[in-house]
Amino acid sequence: MERKYVLKTPARLKVYRVDYDRELNDEQRDVVLAGAGPILVIAGAGSGKTRTLVYRVARLIESGHDPSRILLLTFTNKAAREMLRRVETLLAVDTRRLMGGTFHSVGNRLLRRFGSRLGLGPNFTILDPEDAREMLEAATSDRGVPTLERRFPKGDVLLDLYSFTVNTGRPFPQVLAEHAPHFAELEPEIVSVFQRYRERKRQANACDYDDLLLQWRRLLDESKEAAAQLAASYDHILVDEYQDTNRLQGDIVDAMARVKKNVTVVGDDAQAIYSFRGASFENILGFPERYPEAKTFRLTRNYRSTPEILALANASIARNEKQFPKELEASRPAGALPAVVALPDIPDQARFVGQRILEWRDEGERLEDIAVLYRAHFQALELQIELVRRGIPYEIRSGTRFFEQRHVKDVLAFLRLLVNPKDELSWKRALKIFPRVGERSASAVWQAIGGRPDPLEAFRRLDASAGALGRGAEAALRPFRSLLAQLDGPAIRSSPAEAIRTVVESVYRDYARAKFPNGDARLDDLEQFAQFAQSYESVPTFLEEVALFNELSGEDVVPGEPDDDRVVLSSIHQAKGLEWSRVVVMGLSEGRFPNYRSAASEDGLEEERRLFYVAVTRAKNEVALVYPMLARDRYGVDVILEPSRFLTELPDAVYERWTIEREPTPEDDATSAAGDETVH
């Protein structure tokens with residue numbers, strides 16, 4: 001009797017180049033080894049999100065997946081390059097075949113291959129924002145919109161409205177009503193301009209940045225063949241910073257993953273702070289509903305901050321209803337409790353921050369490892385002045401320095417020509433604020449008045465309807481004369497604050513809203529500028545001080561410090577993703593942070609709280625939460641400011657409250673001694 005026995009070849013034990021057990025913590029390793037299917041990774045601040053994503057890509061490649069069939073979507077090309085470089089370092093493989101980059105860069109590459117199915121030539125031109133702005137203004141001209149007779153949105157504002165509508169998928173009337181209600185009556189003309197803009201792009205075989213996404217989604221929705229080919233091209237799709245995706249990007253990810261559903265999205269719902277840019281919080285919050293079979297992982301081990309900082313951050317964000325609950329856990333030893341500091345007023349807030357920065361520097365901290373964060377750029381005005389006074393170098397991450405901003409310089413031009421009517425640059429800058437007045441007309445006006453003994457009086461008497469100024473110039477310059485008459489009165493000449501407000505209310509409010517996408521934010525800046533000016537008793541004195549602050553720009557480095565060692569001043573939105581040893585969060589007053597407009601809705605309030613959470617979690621070792629108790633309103637009256645609800649809702653155990661005392665001055669000591677002698 002014979003019996004057959006099969007001798008089997010033993011399975012080869014898979015040997016991985018990377019030691020995932022040693023390189024990753026348990027939470028990170030679970031994500032990296034999770035296998036196929038939809039995966040949602042809620043990655044807390046400082047929890048090694050990028051590391052986890054890099055190792056997941058490496059594991060996929062080591063497991064036999066072709067790099068060319070992996071799609072990695074990020075928000076900057078720099079982030080994609082860095083991730084791929086780290087994968088190459090781990091595996092010693094060429095990752096150039098892996099499709100990695102921003103949504104827009106990937107969309108561009110795919111449209112070069114498939115765009116012909118939408119009528120788009122493979123050699124299409126990409127319009128940068130400047131090109132798109134010019135084409136929108138050309139479309140406005142094509143439609144014959146009478147822009148000389150009334151304020152019509154400039155190209156930048158039109159582009160902002162158009163882009164927001166495209167990326168959010170919301171009806172344009174709704175976008176206009178919420179973001180630019182002052183243009184509601186112009187809706188038909190704006191819609192017509194947008195239609196002509198799209199026609200011009202088609203004729204020019206051109207795409208703006210938004211088209212790179214919009215046409216990508218059209219491919220997936222309208223071309224079954226292209227959609228099937230694209231969906232089959234990638235075995236795995238990985239998305240970084242998923243909480244920042246907008247509606248259009250979310251739709252693209254879902255459509256690309258429609259067949260294989262091997263999609264890994266990584267983000268932190270607690271850091272979703274960009275709704276004003278069109279980001280959709282619902283993308284990350286609704287992921288488990290769209291993918292019922294999805295596995296959800298949380299990265300909560302924080303490697304950045306001390307336990308005390310994380311305790312405060314956890315206590316704050318726990319107040320939000322819409323979230324994936326999690327508690328960040330510190331991997332670092334204990335440190336200082338966060339400080340909550342109430343200051344008498346806004347100038348004292350700036351003095352405290354300046355003094356604290358110098359104290360930290362004396363303790364051995366580099367200035368570049370210190371950041372001051374705020375909700376809105378105008379909140380840093382007093383601080384910039386204080387830092388200059390103390391000789392502390394700084395850099396701005398939230399825009400240009402306050403006095404160098406265009407809208408500030410525009411308004412100052414009106415004040416300067418009052419004080420010095422021979423100032424040609426200020427005349428031309430102020431003139432061009434008015435409708436129908438461009439460089440040519442402004443130069444003609446200056447030519448007519450500049451050589452006179454008193455250009456101000458010459459302008460009052462100028463017959464603008466004659467000569468080189470052309471027809472309609474008189475109607476354009478009449479409101480300027482009226483404004484100058486108001487500014488030239490003794491009451492306003494002695495009040496630079498009222499001079500600023502008069503310019504804003506007479507002409508600049510409408511101009512800012514038509515010219516700048518963030519016009520209302522710039523108007524907030526100007527109101528803060530007016531409040532700052534209230535302590536000055538005359539326009540000339542005020543202008544002298546402003547000029548000196550511009551000269552002392554904070555660029556001069558404190559003696560003994562390296563040239564690149566500067567304190568960072570930043571809006572919290574700009575600070576996301578960054579970290580510093582010590583952080584001051586300033587301006588934590590109710591109505592300012594949270595912003596009163598945002599706090600009007602529950603969703604807006606929760607996003608403001610997420611913004612506070614982002615600010616606190618930027619700090620490694622120490623954080624100070626600062627607010628003024630008084631501010632002056634436009635009438636010079638002191639107004640009591642309540643502390644932000646983000647402070648009052650915190651449990652007492654997670655912070656210490658600092659009481660501010662003034663150091664006695666020599667004059668105080670002398671007064672005290674005189675009082676003692678009197679008593680005796």
Side-chain angles (χ1 to χ4, degrees), residues 30-32 34-44 49 52-53 56-57 60 69-75 99 102-104 106-107 110 164-171 210 213-224 226-275 277-299 320-326 602-603 606-607 610:
D30 286 345
V31 174
V32 169
I39 294 170
L40 171 63
V41 183
I42 303 299
K49 166 185 67 70
T52 304
L53 205 51
R56 179 156 176 81
V57 173
L60 289 173
R69 299 185 65 79
I70 296 173
L71 173 61
L72 174 64
L73 295 168
T74 64
F75 270 81
M99 180 73 89
T102 66
F103 280 86
H104 293 88
V106 171
L110 294 178
F164 194 88
T165 303
V166 168
N167 284 289
T168 60
R170 294 164 62 187
D210 297 321
L213 304 184
L214 188 62
Q215 304 289 13
W216 182 2
R217 193 186 69 181
R218 280 189 61 206
L219 268 178
L220 295 166
D221 290 345
E222 300 175 15
S223 174
K224 291 183 179 179
Q229 199 170 341
L230 284 170
S233 296
Y234 301 102
D235 294 330
H236 284 271
I237 300 169
L238 302 97
V239 187
D240 189 22
E241 300 288 5
Y242 187 63
Q243 79 281 345
D244 294 336
T245 54
N246 59 41
R247 171 73 179 275
L248 185 52
Q249 291 164 329
D251 289 347
I252 287 170
V253 171
D254 289 345
M256 290 290 290
R258 192 177 293 150
V259 177
K260 298 190 177 180
K261 297 191 183 301
N262 292 331
V263 55
T264 299
V265 298
V266 182
D268 185 3
D269 60 302
Q271 297 188 69
I273 58 173
Y274 294 123
S275 66
R277 293 182 186 169
S280 173
F281 185 56
E282 291 304 315
N283 284 350
I284 191 167
L285 205 63
F287 190 86
E289 295 178 14
R290 298 196 309 280
Y291 296 88
E293 70 278 32
K295 291 174 278 191
T296 300
F297 299 89
R298 287 169 171 78
L299 303 182
N320 274 9
E321 294 291 331
K322 295 182 179 179
Q323 64 169 311
F324 294 99
K326 64 180 178 300
E602 193 58 37
D603 285 348
E606 291 209 347
E607 179 161 333
R610 294 195 293 269

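Counting from 1, the numbers follow the sequence of the chain as shown.
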task = Evaluate the ring planes of Phe287 and Tyr242, with Trp represented by its six-membered ring, and classify them as parallel (under 30°), tilted (30 to 60°) or perpendicular (over 60°).
result = perpendicular

message = To the nearest 0.5 Å, what is the distance between CG on Leu40 and NZ on Lys295?
response = 12.5 Å

inquiry  = Could you measure the distance from the CG atom of Leu110 to the CD atom of Gln215? Nearest 0.5 Å is fine.
reply    = 13.0 Å

note = Value for OG (Ser280) from CZ (Arg170), rounded to nearest 0.5 Å, stands at 10.0 Å

Asp251 and Arg247 ion-paired at < 4.0 Å = yes

inquiry  = Are more than 12 heavy atoms, taken from residues, nucleotides or ligands other than Glu289, located less than 6.0 Å from that residue's CD atom?
reply    = no

message = Tell me if a side-chain donor or acceptor on Asn246 pairs with a main-chain N or O of Leu248 at a distance below 3.5 Å.
response = yes

Full working for side chain to side chain donor-acceptor pair (under 3.5 Å) between Thr74 and Asp240 = CA-CA 5 Å; Thr74 64; Asp240 189 22; over 6 Å; no

message = Between the side chains of Arg610 and Asp269, is the shortest nitrogen-to-carboxylate-oxygen separation below 4.0 Å, so that they form an ion pair?
response = no

task = Please assess Met99 against Val106 for the test side-chain contact (heavy atoms from CB on, under 4.5 Å), listing each intermediate value before the final yes or no.
result = CA-CA 7 Å; Met99 180 73 89; Val106 171; 4.2 Å; yes

message = Do the side chains of Lys49 and Glu241 get close enough for a salt bridge, i.e. N-O under 4.0 angstrom?
response = yes

request  = Assess whether side-chain contact (heavy atoms from CB on, under 4.5 Å) is satisfied between Met256 and Leu230, documenting all intermediate values.
outcome  = CA-CA 7 Å; Met256 290 290 290; Leu230 284 170; 4.0 Å; yes

key: Sidechain-backbone polar pair: Gln323 side chain, Asn320 backbone, donor-acceptor under 3.5 Å   = yes

request  = Kindly compute the distance separating CG (Asn167) from CG (Leu214), expressed to the nearest 0.5 Å.
outcome  = 8.5 Å

ask   = When you look at Arg69 and Ser233, which way does the side chain to side chain donor-acceptor pair (under 3.5 Å) test go after all the steps?
value = CA-CA 6 Å; Arg69 299 185 65 79; Ser233 296; 5.9 Å; no

note = In this structure, CD1 of Ile42 is separated from CZ of Phe297 (nearest 0.5 Å) by 12.0 Å

task = Quick one: closest heavy-atom pair of Leu213 and Phe103, and the distance?
result = CD2-CB, 3.6 Å

